[in-house]
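Below, chain A is the first sequence line, B the second, and so on; all start at residue 1.
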Protein chains: 2
Amino acid sequence: MKVLTGGKLKLVQAALRLITESRSLTSLGLRELAREAGLNPNTFYRHFRNLDEFGLQVLGYIAEDMKSGVRELRRMAESSEQASHDTVTFVYHYFLANPAATTVAVRELHGPSPLLRRALEAQLDASAREMAEDIIDRQLVSAVPPETIHEISRMTIRYILFRAMDYIEKPAQRETIQQETERFINRQFRGAMLDRLSQSEIEGLLS
Amino acid sequence: MKVLTGGKLKLVQAALRLITESRSLTSLGLRELAREAGLNPNTFYRHFRNLDEFGLQVLGYIAEDMKSGVRELRRMAESSEQASHDTVTFVYHYFLANPAATTVAVRELHGPSPLLRRALEAQLDASAREMAEDIIDRQLVSAVPPETIHEISRMTIRYILFRAMDYIEKPAQRETIQQETERFINRQFRGAMLDRLSQSEIEGLLS
DNA sequence: TTGCGAAGTAGACATCTGTATACTTCCATC
DNA sequence: GATGGAAGTATACAGATGTCTACTTCGCAA
């Protein structure tokens, strides 16, 4: 992915700014964009064929950040409990530092444009795969089969993503959200350890 | 909530139709709406002050359905495993039968209008509370404290909601989605049963 | 220095939007 | 049957939007 420059960059950044203050990528107008970027409306056409192509470029721009963010997670934590705590802390801080990218991702993941939706899904799944493989490589939860780890990773990535909006917007709830997320992850993995047991076997164990 | 009639109903239904075929509630125009409804643009003003008020009415219209849907769940299932299976089956069938309402809910839950977002959140939390209290009353998972049941219910409602889009749009994946959702719920509750145990205690139990 | 392509600008176009005012039709109540 | 309010329509207006064509400026390579 080549780095954006000049007017192209200005337009993309303008879009991120507008989206953060309650807009949706799909609803942005080309004149609105140019106005926010301080450019002539027609400059838009020098860089993008139409608004769809623009949307994809914005996603690409964001993807860079997000990917490198998730990748940094590899450097962290030893035990599985410790790992989930540190990971969650890190991820939410990342979202807090990149509110625009986060907002775009959340909005468009269920947004009206199928094109953008598919693109985002693919990217989230890639991140989930990376996360899962990391967990497997480090044998953080060796009692759970790989396929299940992948499944839980996909769920977790999505869960975190849509909690991220609240995390950004409601400072007072940040600690709660973080704790809930940790519990979410721990329960998923711990519950998965019991996957092969029947209801009554579990009751036996706990009594 | 009084039943809608005449042009008011036509406009709301037009909105649902438009949203289903890839639009977002917030992005609908009043002329577009009137055109789809087969009415004169100005008729809109006979019923709604502006587009915000219209959005809220659409949400209210949907809320009726959703609430009665969730409420029917009370009639179901005995054991907790059976309950989660039946509940998930029921809920997804409900979403499938109400694609427009589902799409609106998912879109606007993270959409650009804070007003609609808050309204939807309140409604989801109400549903989650109802679900939790039902679980508690029936003592389906008595090993888990009430507050945790509420927390898991909130998570589950949201998880199901955003999986619902895929469920509607990708028929081939429906069975998978349903099974994943059941596993999600079971793992949450089973994991929650282990909340008070340490990592090493769990390993001891399972060995 | 010149030349050329990319980036940016200016102005114009038809079309769409939200809204206002004034008019007509419908239906229930007296 | 007359009357009045609610629902729906017709027309008009200013402003915004996407897009087109033509023009200017910039930066770099020959």
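In this structure, the side chain of Arg23(B) does not engage the main chain of Pro112(A) through any donor-acceptor pair within 3.5 Å.
Atom P of nucleotide dG8(C) and atom NZ of Lys8(A) are separated by 11 Å, given to the nearest angstrom. The separation between Leu33(B) atom CG and dG18(C) atom C1' is 13 Å, rounded to whole Å. For the pair Leu39(B) CG and dT25(C) P, the computed distance is 17 Å after rounding to whole Å. Rounded to whole angstrom, the span from the CZ atom of Phe48(B) across to the P atom of dG18(C) amounts to 14 Å.
Seen from the ring of Tyr61(A), Lys8(A) does not count as a face-on cation partner, given the 6.0 Å and 45° thresholds.
Taking 4.0 Å as the cutoff to heavy atoms of chain A, we find the contact window on DNA chain D bounded by dT17(D) to dA22(D).
The shortest distance between the side-chain N/O atoms of Tyr45(B) and the OP1/OP2 oxygens of dT19(C) is below 4.0 Å.
Between Phe44(A) and Leu11(A), the shortest heavy-atom contact is CA-CD1, 4.0 Å. Contact detail for Ile136(B) and His150(B): the closest heavy-atom pair is CD1-CE1, 3.8 Å. Contact detail for Pro99(A) and Thr103(A): the closest heavy-atom pair is O-OG1, 2.7 Å.
Closest contact between the side chain of Asn42(B) and the listed nucleotides dA20(C), dC16(C), dT9(C) involves dA20(C). Listed nucleotides: dC16(C), dT9(C), dG8(C). Nearest to the side chain of His47(A): dG8(C).
As judged by a 4.0 angstrom heavy-atom cut-off over every strand, Arg35(B) is placed among residues touching the sugar-phosphate backbone only.
Nearer to the 5' terminus of DNA chain D, by closest-nucleotide assignment, is the contact made by Gly29(A) (compared with the other of Gly29(A) and Arg46(A)).
Neither side chain, Gln188(B) nor Thr156(B), offers a donor N or O lying under 3.5 Å from an acceptor on the other.
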